[in-house]
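Computed from a predicted structure; not experimentally measured. Atoms considered below: every heavy atom in the structure, side chains included; atoms not considered: hydrogens, waters and symmetry mates.
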Amino acid sequence: MRSPQNTATPLARSGFVRGRLVGAAAIAFAVLVVIENLVVLAGSPTYASPIKEVLAFHAEHRGSVAIAVGLQALYVPLLLGFLTGLHGLVERRGGAGADWSRLAVAAGASFSAVFAFYAVLWDGVVLSAGNLAEPSPVFELVWQMHAAAFALALPALGTTFIGAALATHAVRLTPRWQLLLGVAGGGLLLAAGAANLAIADGSALLFVGVPGYFAWMVWLLATGVRLVRARTADRLDNA
């Protein structure tokens, strides 16, 4: 007959391995987003750029956009895997953290759905750019819808950020500074998303959410490293 101690050991090891996988997913997601924005799409036009510049960029950089959309196809499942895995870690500890974690999972799923629409519209922008000598009304409309989809994804991402930060702090997986970072960064993303129509029309209000977006990257990297570096299941449970 197996003793309770012997039974607990495999369960603890399983929780430890899950924690490292969740941390690895967070790090991989953040790294892919950084590569997309700072390397692949360096010098790309903003939503406030003249439509002729938008057309010229997409006509000349079809490969860059293809790589960016391909990275998005990879990091969306990484995000969902991270959030569902994190929910499992938080739920094991019980308490209020589980409710916040459920909110993060639901918001992350909403973000992924809107972001998929954003990526599809971007495909439409780059495919039509190769056939145009001058911007057409349809091209401009698709670009504006692409901008609107990005703006609509911001509040979903902000809710994901806040929910994850509150959940992990409630069960002491992350320190207080990450909670403050999550609430402040998520709040900026929510505020930017509220200006959806203005952003679709090229407003600079989009940049209100930029600090929140980078705060999300910092939070993911810090949380991922914390989970991966935990050397024992006990350390993970008492983080």
Side-chain angles (χ1 to χ4, degrees), residues 29-30 32-73 75-76 79 107-162 184-220:
F29 173 81
L32 288 179
V33 173
V34 170
I35 290 174
E36 177 201 352
N37 285 277
L38 299 185
V39 180
V40 179
L41 296 178
S44 61
T46 68
Y47 295 126
S49 299
I51 194 64
K52 287 188 176 181
E53 290 184 15
V54 175
L55 176 63
F57 175 85
H58 287 89
E60 296 170 6
H61 296 85
R62 177 170 176 165
S64 296
V65 176
I67 294 171
V69 174
L71 289 174
Q72 291 165 9
Y75 69 62
V76 165
L79 173 64
S110 299
F111 167 80
S112 299
V114 176
F115 210 69
F117 185 57
Y118 157 89
V120 168
L121 287 170
W122 204 2
D123 284 340
V125 169
V126 75
L127 288 173
S128 60
N131 300 319
L132 296 173
E134 293 290 333
S136 68
V138 173
F139 178 84
E140 186 171 4
L141 176 61
V142 175
W143 177 246
Q144 289 176 323
M145 291 177 66
H146 171 71
F150 183 79
L152 190 60
L154 294 180
L157 182 61
T159 305
T160 303
F161 193 3
I162 292 172
L188 288 173
L189 290 167
L190 286 168
N196 183 280
L197 180 60
I199 291 172
D201 198 34
S203 171
L205 286 172
L206 171 66
F207 294 101
V208 172
V210 170
Y213 197 72
F214 283 104
W216 169 236
M217 295 300 103
V218 172
W219 187 91
L220 279 172

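- Of all heavy-atom pairs spanning H58 and V126, the tightest one is O-CG2, 3.5 Å.
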Evaluation steps, side chain to side chain contact (heavy atoms under 4.5 Å, CB included), between Y47 and Q144: CA-CA 8 Å; Y47 295 126; Q144 289 176 323; over 6 Å; no

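- Here CH2 of W216 is found 6.0 Å from CG of L157. Values are rounded to the nearest 0.5 Å.
- Here the CG-CG distance, from N37 to L71, works out to 10.0 Å after rounding to the nearest 0.5 Å.
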Test log, rule side chain to side chain contact (heavy atoms under 4.5 Å, CB included), inputs F207 and V210: CA-CA 5 Å; F207 294 101; V210 170; 3.8 Å; yes

Worked check of side chain to side chain contact (heavy atoms under 4.5 Å, CB included) between F115 and Y75: CA-CA 11 Å; F115 210 69; Y75 69 62; 3.2 Å; yes

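- The heavy-atom pair separating A195 from L205 by the smallest distance is CB-CD1, 3.7 Å.
- In terms of heavy-atom proximity, G209 sits nearest to L189 at O-CD2, 3.5 Å.
- Across all their heavy atoms, A192 and L206 have their closest contact at CB-O, 4.4 Å.
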Stepwise side chain to side chain contact (heavy atoms under 4.5 Å, CB included) check, Q72 with L32: CA-CA 8 Å; Q72 291 165 9; L32 288 179; over 6 Å; no

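- Annotation: L197, atom CG; neighbour count of heavy atoms from other residues, nucleotides and ligands within 6.0 Å does not exceed 12.
- Around the CE atom of M217, the shell of radius 6.0 Å holds more than 12 heavy atoms that belong to other residues, nucleotides or ligands.
- In terms of heavy atoms, T46 sits closest to W143 at O-CZ2, 3.9 Å.
- Across all non-hydrogen atoms, the minimal contact from L121 to H146 is CD1-N, 3.7 Å.
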